[in-house]
Every structure is written in C-alpha cells, then in structure tokens.
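What follows is a short report on a single structure.
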Amino acid sequence: MIVMKFGGTSVGNSKAIQRVGNIIKSRLQRKPVVVVSAVSGITNKLVRLGQIAAEKNHVLATETIEEIRKAHAAIIAELKIGEDAGIQKAFPEAIDYLTDLSDRLLRAGDLVKHLVDELLSIGEYLSANIVSAYLRSVGIPSQFADSRELVSTDSRFGRALVLKDETELNIKEKLLPVVAKSVPVVQGFIGKDSFGRTTTLGRGGSDYSATFIGALIDAEAVEIWSDVDGILTADPSLVPNAKRIRKMSFQEAAELAYFGAKVLHPATLLPAIEKDIPVYVLNSMRPQDGGTKISKLSDGNGGNDGVVKSIAYKEGLIVITVTSSRMLMAHGFMSSIFEIFDRYQTPVDLVSTSEVSVSMTIDQVEHLEDIHRELLRFAQVKIEENKAIISLVGEKMKSTPGMPAKVFGFLTDIPIHLISQGSSEINISFVIDEADLPVVINRLHDKLFSGTLNPELFG
Ligand code: ADP
Ligand code: ASP
Ligand code: MG
C-alpha cells in the first residue's frame, strides 16, 4: 500500500484533478490510499467566511458562500460528474451545511472555535468527494472515506492532536477493508474529537494526515504531491533559482519543515521516521520528474555529509528576553520561565542564554500578554516583534570546520539577534529583522549554492 497526498493546487481545478486521476491510475497495483487538501484558496476563503460571519456581515457572508459554491460547481461541471450519486448527495448537503454554520456564527457574533473547525472542514469534504467521483467516472473503483470516522483527536480546535490508538483501530476496521477493493479518498487536515465534534490539525495539516495514515497502515511509501519539483534549496517564492534536492535524510527534512519550509507541515516526518517509511515530495504537474526522496540516512548521502542542503525561514517571530540578576548562579530559574510557556501551551523555538538573561523566540502570540505579565513578576522583560529565523540545514554541517564562520562572514552588515547551532548536528539557526529576510536568504543562497553542485544531490 502507498499513501498519495494531493495538495490544494494539485486539486485546484478540473485539469489538475484530471492529472491527479492519471497519477493515481499509474499506481493502482500499489494499492493507494488517497489523501486530499481542499481546492486551493478554499481554506483561506472559509477562514475569511468565519470572520465575516462572526462580525455579523450577512451580505458578505452570503456572497462568500456563493463564491465557494460556484468554484466547486464549475469543477463538477467540467469534470462531468454532476450525475454521480455521491456528488448529488454531498455537494448540496455541504453548501446547505455551510450556510447553516455561517448563520450560527452570525447569531453567535463570535468565532466559536468548534464551529470554525466545522466550517473549515467543508473544503476537504468537497474536494475528497469530487476526486473520488472523478476516479469513478474514469473507471477506477473509488470511495469517499470520511476522515471523521477514521482520525480521532483531542479537542484542541484549530490544532488538534491525533489520538494514535483510537485512530489505529478505526483505520484497521474501516479503511483497510476499503483499500482491498477500491481507492479510498480521505480528507486531509480533518479529524473528530471524542464528543463527535469536527477538529482540524493546523494549517497545512494534510501532509501530516498522509504520513500518520501511512504509518498506521504500514505503507511502503508516502507521496506528497505538490506544485514544486520537490524540496528545494530555498523557498522558490523568495529565491527564484532555488534548486531541487534529490535526496535527504528524515532528520534534515524534519528540521526544514519545523523551521518553516512550507512545503511540508512541521509534524509530517515524525510518523514516517517511527516506521521508517520513505516520503517522496513530487510535482503533480510533472509527475515523471522524480522529486525528492526523504529516507533514513543510511540510504546514502553519497558521502556528501557536511553540505548545506537547504535554507528555511520562519517569519512573524517574537523575541522575548528575560533578564534578572537573580538568575546568576540560581538553579530553578530556567524551569520557572519555561513553566510559564508550558502553561500557556506556547512552544519556544530558539533559546540562548547569558549569565543574567535568556532570550527565546515564539511564533504563537495568542497568550503573549499573559506570558509577559507572569514573567514580569520576577524579571525584566523585553519583547521584540517582526523578527525572522533563518535555518541552514544539512547532515553533519555543524561539525564541518569553519561552517559558522563562513556563513556569518557573508552577513557582516546584517544585525543578528540570536544564534543557535541546534542540539542536532544538522542545523544552524539565527534570528534577524524580518525586513532583512529577502536579502539574507538570497545572499546565502548565492554563496552556498553557486558553482558546480553534486548532481547526485541537487538538480
Ligand atoms: P500544497 O498545497 O501542495 O500542500 P503548499 O503551498 O502547502 O502546497 O507547499 C508548497 C509551497 O511551499 C511551494 O509552492 C513553495 O512556495 C513553498 N516552499 C517553501 N519552502 C520550500 C522549499 N524549501 N522547497 C519547496 N517549496 C517550498
Ligand atoms: N486545506 C488546509 C490548509 O489550507 C490543509 C492543507 O492544505 O494541508 O491549511
Ligand atoms: Mg501544504
């Protein structure tokens, strides 16, 4: 069995869905489980619809629902699947439900979290039903397999955590029998809590859906089909001449995903690492091109450890610096700081300490005020906004002599706020002003990826 996940652009219009049909057809002998994202742009529209409804803007809400309806109606018409029994039921039901949810948010006048997740889930519900109906229409036996019956989560709406044991049971009971006789199409990004309420796994979460389903069915591979040729040496929207990386280790890819390379959700690699399942990142517009293979390092890096493979970045960060003379020689100071972040469920990315101060970066601002107030009880606190982390990732790079000197040597005119070599061997990260991001990324990319590159690794 394999899991094939198609992102928003890969199911973004009727032509794209036809390409997806051909790609799935080429892998039928490998017993695919298909995971899909919402049609591109639809999740953003649904987020917006939630906000509009909560602001009680009835007219704009109605218009937005109509836009969403029309976008899907056009795809259904172009694919000629309007007569499919699944679509005849799912499409009108989904639009009615959207209207109902929007009305409930309008009445509440508030972004009620479980209603918002319910609203967001309509995007994947529609795309999964459409892809499944299209497969049937071209003679591939297929069935919509509702992720709410499969993926059990906790009740953290907007970023729910998957409950592994329950999900495993559901998948064995309800998904595996379907794979035996047809191609199941499952919504990515969506689960259900123990009260039966719909949950979402965080933006971009369909990648994670694909790998944890892959791990639970012991898939031989997980394919992430997107709109890029694989994992590239940098984000192509910032660095137009970024190059494809042909192969990388699980740890390298996990680090890249964690430090912002949007092509993979941060948690994507964890289930694959646990079960040692190779993950391929591929371009659904050029399926024959090979993409990036992510696997255990022993698969071979061709003796090229020590090379920077990719540059990732995360924007919109906040640096919090806590200073207290009480910190000098005092044990327990660190734990009292981190206990506060823990209590407010706010992850810290980078940490750097000096004798009397500790600086940390966070990207979730939801509880910033509370955290600030509590820290002020025992220390001085400085908060700096609009920062970005840049991370250079490559196996054993850190132990390559002269690497940090080389990197920072290129940036002598750029203010650098915080540096971390990571506890792993494979990451050098530092914090800069967000405004310097394009210059820094492009300069580093030019310096680190110019000249002849090893064709086994890049290209
Ligand atoms: P999908 O809808 O298929 O999940 P995403 O938009 O979530 O696609 O992710 C793909 C995008 O990730 C690319 O279009 C690209 O702009 C961005 N990206 C950021 N960093 C990288 C990188 N290192 N390699 C490839 N793509 C990247
Ligand atoms: N549709 C969701 C989003 O846009 C999930 C995903 O695409 O992975 O965030
Ligand atoms: Mg994505």
Side-chain angles (χ1 to χ4, degrees), residues 4-13 16 19-20 23 35-48 68 116-117 119-128 147 151 158-160 186-191 198-213 222-246 248 252-268 279-285 291-292 294 308-315 390-394 437 441 444-445 449 458:
M4 308 175 74
K5 177 260 170 176
F6 295 93
T9 36
S10 302
V11 295
N13 55 48
R19 277 195 297 268
V20 163
I23 296 170
V35 174
V36 293
S37 296
V39 169
S40 76
I42 292 297
T43 309
N44 286 345
K45 276 212 165 80
L46 289 165
V47 170
R48 195 71 203 104
I68 294 170
V116 171
D117 270 13
L119 194 73
L120 295 191
S121 75
I122 308 276
E124 268 74 8
Y125 179 76
L126 283 167
S127 62
S147 66
V151 181
R159 51 188 156 104
V186 186
Q187 314 98 300
F189 180 55
I190 310 297
T198 301
T199 53
T200 61
L201 309 180
R203 293 302 305 268
S206 299
D207 303 323
Y208 181 49
S209 302
T211 51
F212 73 71
I213 291 175
V222 174
E223 297 181 341
I224 306 284
W225 291 89
S226 188
D227 60 351
V228 274
D229 286 343
I231 299 190
L232 309 183
T233 48
D235 183 347
S237 61
L238 267 189
V239 180
N241 62 342
K243 297 177 175 60
R244 181 194 19 221
I245 305 161
R246 289 189 177 276
M248 38 193 339
E252 287 173 326
E255 207 85 354
L256 267 185
Y258 186 78
F259 282 102
K262 182 186 161 222
V263 61
L264 294 176
H265 178 274
T268 309
V279 175
Y280 295 82
V281 179
L282 300 147
N283 191 338
S284 65
M285 279 172 290
T292 300
I294 305 165
V308 176
K309 294 241 180 55
S310 192
I311 309 172
Y313 66 93
K314 246 190 204 181
E315 292 172 281
I390 302 238
S391 297
L392 307 180
V393 172
L437 198 58
I441 295 235
L444 285 177
H445 193 269
F449 297 101
F458 300 105

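Numbering of ligands and ligand atoms starts at 1, following listing order. From a predicted model like this one, the values you see are computed outputs, not experimental measurements.
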- Between Asp117 and Thr198, a side-chain donor and acceptor under 3.5 Å: no
- Message: I'd like to check which ligand 1 atoms, numbered from 1 as shown, lie under 4.0 Å from a non-hydrogen atom of Ile231.
- Response: 24 (N)
- Query: Under a heavy-atom criterion of less than 4.0 Å, does Gly230 contact ligand 1?
  - Reply: yes
- Item | Distance under 6.0 Å and angle within 45° of ring axis: Lys5 vs Tyr208 | no
- If you scan protein heavy atoms around atom 7 (O) of ligand 1, the nearest is Lys262 O, 3.7 Å
- Query: Looking at ligand 1, does Pro236 have a heavy atom less than 4.0 Å from it?
  - Reply: yes
- Message: With heavy-atom distances below 4.0 Å as the criterion, list the atoms of ligand 1 near Ala234.
- Response: 22 (C), 23 (N)
- Identify, for atom 26 (N) of ligand 1, the protein heavy atom at the shortest distance, and state residue, atom and that distance. Val263 CB, 3.5 Å
- Item | ligand 1-proximal atoms of Lys5, by part, heavy-atom distance under 4.0 Å | side chain
- Roughly how far apart are Leu120 CG and Leu46 CG, rounded to 0.5 Å? 6.0 Å
- Note on the structure: Ranked by distance from atom 14 (O) of ligand 1, the top protein heavy atom is Asp227 OD1, 2.9 Å
- Query: Tell me, which protein residue and heavy-atom name are nearest atom 2 (O) of ligand 1, and how many Å apart are they?
  - Reply: Gly8 N, 3.0 Å
- Distance from atom 24 (N) of ligand 1 to nearest protein heavy atom, with residue and atom: Leu232 N, 2.9 Å
- Task: May I ask you to test the Tyr313-Leu238 pair for a side-chain heavy-atom distance under 4.5 Å?
- Result: yes
- Taking side chain to side chain contact (heavy atoms under 4.5 Å, CB included) as the test, write out the residues that go with Ser226, two or more places apart. Val228
- For ligand 1, note which part of Val228 has a heavy atom under 4.0 Å away: side chain, backbone, both or neither. side chain
- Note on the structure: among protein heavy atoms, the one nearest atom 16 (O) of ligand 1 is Asp235 OD1, 3.3 Å
